[in-house]
Amino acid sequence: MQMPFCWDKRSPAHAPADNHVAINGTVVVSCHLGLSSPGKTTTLRLFSTTQMDPNTGKGKLSPEAPLRSGKKTKAKQGAVKTTTMTYQVTFFVDADFGTPGAVVVKSGLRNDHFFLRHVQVHMPEAGRTIHFECNSWVYPFKKTNADRVFFINTSYLPDKTPEALRLLRDEELRSLRGSGRGELKDWERVYDYDLYNDLGNPDKEEHARPVLGGITSVYPYPRRCRTGRPLFKTDGATETRKHMINLDFYIPPDERFSPTKLAEVLTLAVQAVTHFVLPESKALFHGNINSFRSLEQLKGDLYRKPVVDGQVVMDKLKTSVPSHKTYKQVSKMVKETPVKFPIPQVIQNEPEAWRSDEEFAREMLAGLNPVVIKRLEVFPPVSRGGKQSSITAAHIERQGQLEGRTVHKALDEKRLYILDHHDYLMPYLRRINTQEQGVCVYASRTLLFLKDDGTLKPLVIELSLPSDGAGADGEISRVFLPASPGTTDGHLWWLAKAHVSVNDSGYHQLISHWLFTHATVEPFIIATKRQLSAMHPIHKLLEPHFKDNMQINTLARSILLSAGGILERTMFPGKYAMEMSSAIYSEWRFTEQSLPNDLVKRGMASSSNKDHLHLHVEDYPYAVDGMDVWRAIDGWVRSYCAHFYHSDAAVAADAELQAWWHDVRTVGHGDRQRDRACWLDLDTVANLVESLSTLIWIASALHAAVNFGQYGYAGFMPNRPTRCRRFVPLPGSPEMAQLEADPDRFFLDTVPDRFTTTLGLTLIEVLSNHTSDELYLGQRATASWTDDGEVLQLLDRFRDDLRRVEKRVTERNKDLRLKNRKGPAKVPYTLLFPDVGNVGAKEKGITGKGIPNSVSI
């Protein structure tokens, strides 16, 4: 909730001398959470861009101008009330003071802080208004021991900065880097790096976890924001924390959720916990948490029985809510919203379609994890160590599965594809399968054939386990083939597909979603704030794509990823989850994260040049819509960079830009600096454009594609189970007899139990929601983010491009020839529908569409 503040009447004590003039200004402040308004205790000063102070080497400062009186306006966003104060101020400056280039704010409040939205200075003589876009928390001077500086909304490359602002620009960046010492406090604005050493508790053996990250570490990882909390004495490496669930981890103030979003996220969390706690407490009381009796009972329990009393949970969580006012807001929102899981899209229109082979395969192209499937280039598949798969040509050439082709002809025609969850899993399977939770997991390979109608048909599934006593490379594999439902082979095929879905669910949440979007973006944010001035055009370009990322990552480390957290309790890797993600990060390359490069790497497309990409699966909704979005992003970034950099030499000579890229590569992602193929050299405009476009793609469209479909597809657990409790039965075993006697019950006893299912749903329901203050691709919070009219025109062109993408997505979803757009479940592919619209006019909740600017949930 942000509010304006302006300066008003001048007092006789500030009457100007004969050679002084008065400059009037308005200041807009948001009063959040009942905090004090700035009032008379806050003063402002202006820095000149033309007059130098010989004593400081900076622009000349105006005398202090206090806030006098304010005009209050109130608004309501959902259950959250905001108050905006607009103050007026009068500055008295020398007649030749010139254009102000920065404003200095000094808060005299005793303890409270306020949110400063913007300051405007009106200069009638020049016929213009100078705008300072602030959007920042201002803390009392007695805490920070420093004034806050905000720069004019004009963009300057470092060597184009007015001389009067250069030293001020450098000083501001140095202050943001901090000293690297001590525990950081709420009011400090410090952007620094640290290892992932805050996930475990070495004092408890079952919660001890390795530190992730460190250039010499065996567990490489991106860096996170430093908090400086004390370390456990036990190992001297892991950070301590006050509570298992923390809402007060340090992050820089400007990276925190707005009060509106905080209230909405807390409400979602309370409702999710209500889903989980109340039904599970009843189940525990009646001694029945192990499973559902039938698929019909599962649907009835989860989607048809509303739970009304969310206030019970709210009261239990009272001590975790940051303020009493927020508690009241969240309580009201909880009471006004019925607590009931919505019916997931995948079973909404065709309740049984999720069982079909067609839907199983389609979701690899248009589901919540469409970024893993690859084209098969060698048959049979070969492990990294050279061991061949047990799949043979006879398995897949039978009964015309390849529409009259041999395996080799299908390979030549680029008709064979693979969902491969084998190599990265095999080294962990023994440990995963011996966890106390009773997890039963295979490594899997699924081969698919591209039919003439453009759809994929699963051909064969291979499930592998480490062999006993045969060394680290020994494997035992079983091969499963499609078979008619209702037969024994059909039951086995159904179970094999469930085990594949378990592999894919774990990879999706841990790698595609968490690691490749959330975790990899955070170092870019830290580097940007440390090395690129707020006046730098690239800072201004990237800023909306960082919104709320550090806050959501902090919450994730506290609640989801920590030892014993939700991810370990619901996903099959359990306590080895983050360690396994580290092994996968060791092969991550930033240069491969752009959509065109990713598609080519996976063999899903070929490219004769950068401007032409040929998809081998033409009806690949993620890739088709994604390439439209990618081209729009690339066009916007290309035109924006061309506006500021007129040559490759200008990029190479930009000291701040080069320091930023050095920070990203050698510190933020320092564990990947030795891989030269991981990064482009930032020495040309073309390389700058590709790097920035890739970063924006990751933070916006890639995250949208792998996040906002979670509830639609995984909200029905049988479609996307997260772990299995039983292996596939062997012929002639007692388990096989159980399967044949009651296949549905055997399936439900295999996939997650009631407790794990409900806990997992609480998580993905929260993650799949859009909040009301979300900003979408092409949107800015205000048109005043820059005073460059040409840049604003370029942004309008970008929005027009995105609207054309929306039109094409809508047309494709209506085209009956494109069978992968909806599939048997009749779920249209809208995850990469930009939803540009107007700021603040979006539908919140689980919509399954819209591309937010940033990794914000």
Side-chain angles (χ1 to χ4, degrees), residues 155 537-538 540-545 547 593-599 605 607 609-615 620-645 685-686 688-705 708 770 774-783 785-786 788-815 818 821 828-842 847-855:
S155 296
I538 302 305
K540 290 182 182 294
L541 172 72
L542 292 177
E543 191 167 29
H545 303 291
K547 178 179 180 286
Q593 304 309 304
S594 74
L595 180 59
N597 290 351
D598 169 62
L599 292 171
S607 176
N609 59 66
K610 278 186 173 268
D611 297 322
H612 180 72
L613 201 71
H614 172 68
L615 290 175
Y620 183 0
Y622 164 74
V624 174
D625 295 359
M627 282 304 301
D628 278 351
V629 175
W630 167 265
R631 293 185 191 101
I633 292 172
D634 182 72
W636 154 240
V637 173
R638 191 174 302 279
S639 61
Y640 185 92
C641 289
H643 181 69
F644 293 98
Y645 296 99
V685 176
L688 175 62
V689 169
E690 182 164 349
S691 298
L692 294 174
S693 297
T694 299
L695 177 56
I696 292 171
W697 163 262
I698 294 170
S700 58
L702 178 59
H703 178 258
F708 293 106
H770 289 291
E774 193 64 85
L775 291 175
Y776 293 76
L777 198 60
Q779 292 184 345
R780 294 275 174 154
T782 169
W785 66 279
T786 180
D788 192 321
E790 186 173 335
V791 167
L792 293 174
Q793 289 179 356
L794 295 176
L795 182 60
D796 285 340
R797 190 184 307 165
F798 178 39
R799 280 194 283 263
D800 289 341
D801 288 343
L802 292 172
R803 291 188 183 98
R804 282 188 282 271
V805 174
E806 293 176 356
K807 184 177 179 182
R808 288 194 288 270
V809 170
T810 301
E811 290 170 350
R812 289 180 193 126
N813 283 336
K814 293 178 180 177
D815 190 338
L818 302 176
R821 298 297 304 192
Y829 191 73
T830 56
L831 294 174
L832 288 175
F833 183 91
D835 205 14
V836 182
N838 298 314
V839 175
K842 296 292 184 299
T847 65
K849 68 177 182 179
I851 303 176
N853 274 320
S854 59
V855 183

[X] side-chain N/O to [Y] backbone N/O, donor-acceptor pair under 3.5 Å:
X: Ser700; Y: Pro852; value: no
X: Asn813; Y: Tyr829; value: yes
X: Thr830; Y: Gly848; value: yes
X: Gln779; Y: Val836; value: yes
X: Tyr645; Y: Leu688; value: no

Report yes if the side chains of [X] and [Y] come closer than 4.5 Å at any heavy-atom pair, otherwise no.
X: Leu831; Y: Lys849; result: no
X: Val791; Y: Tyr640; result: yes
X: Phe833; Y: Thr847; result: no
X: Lys807; Y: Thr810; result: no

Nearest heavy atoms of [X] and [Y], plus distance in Å:
X: Trp697; Y: Gly626; answer: CZ3-O, 3.6 Å
X: Ala701; Y: Leu832; answer: O-CD2, 3.4 Å
X: Pro596; Y: Trp630; answer: CG-NE1, 3.4 Å
X: Ala704; Y: Gly850; answer: CB-O, 3.9 Å
X: Asn853; Y: Gly778; answer: OD1-N, 3.8 Å

Rounded to the nearest 0.5 Å, how far does [atom2] of [Y] lie from [atom1] of [X]?
X: Arg821; Y: Glu811; atom1: CZ; atom2: CD; answer: 11.0 Å
X: Leu775; Y: His545; atom1: CG; atom2: NE2; answer: 10.5 Å
X: Leu792; Y: Arg780; atom1: CG; atom2: CZ; answer: 9.5 Å
X: Ile698; Y: Leu595; atom1: CD1; atom2: CG; answer: 11.0 Å
X: Leu613; Y: Ser607; atom1: CG; atom2: OG; answer: 5.5 Å
X: Leu795; Y: Leu541; atom1: CG; atom2: CG; answer: 10.0 Å

Give a yes or no on whether a salt bridge exists between [X] and [Y], defined as a side-chain N under 4.0 angstrom from a carboxylate O.
X: Asp815; Y: Arg808; answer: no
X: Arg803; Y: Asp835; answer: no
X: Asp634; Y: Arg631; answer: no
X: Asp801; Y: Arg804; answer: yes
X: Arg799; Y: Asp796; answer: yes

- How far apart are the C-alpha atoms of Leu599 and Met627, what are their side-chain angles, what is the distance that settles it, and do they pass the side chain to side chain contact (heavy atoms under 4.5 Å, CB included) test? CA-CA 10 Å; Leu599 292 171; Met627 282 304 301; 4.2 Å; yes
- Task: Indicate whether the side chain of Asn597 and that of Glu690 have a donor and an acceptor atom separated by less than 3.5 Å.
- Result: yes
- Message: Would Ser155 and Asp788 count as a side chain to side chain contact (heavy atoms under 4.5 Å, CB included) here? Give the steps.
- Response: CA-CA 8 Å; Ser155 296; Asp788 192 321; over 6 Å; no
- Message: Tell me whether the rings of Trp636 and Phe798 are parallel (<30°), tilted (30 to 60°) or perpendicular (>60°).
- Response: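 Ring orientation, 0 to 90° scale: parallel.
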- With under 30° as parallel and over 60° as perpendicular, where do the rings of His770 and Tyr776 fit, or are they tilted in between?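 Taking Tyr776 first and then His770, their aromatic rings sit tilted (interplane angle of 30° to 60°).
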- Task: Please lay out, stage by stage, how Asp625 and Tyr620 fare under the test side chain to side chain contact (heavy atoms under 4.5 Å, CB included).
- Result: CA-CA 8 Å; Asp625 295 359; Tyr620 183 0; over 6 Å; no
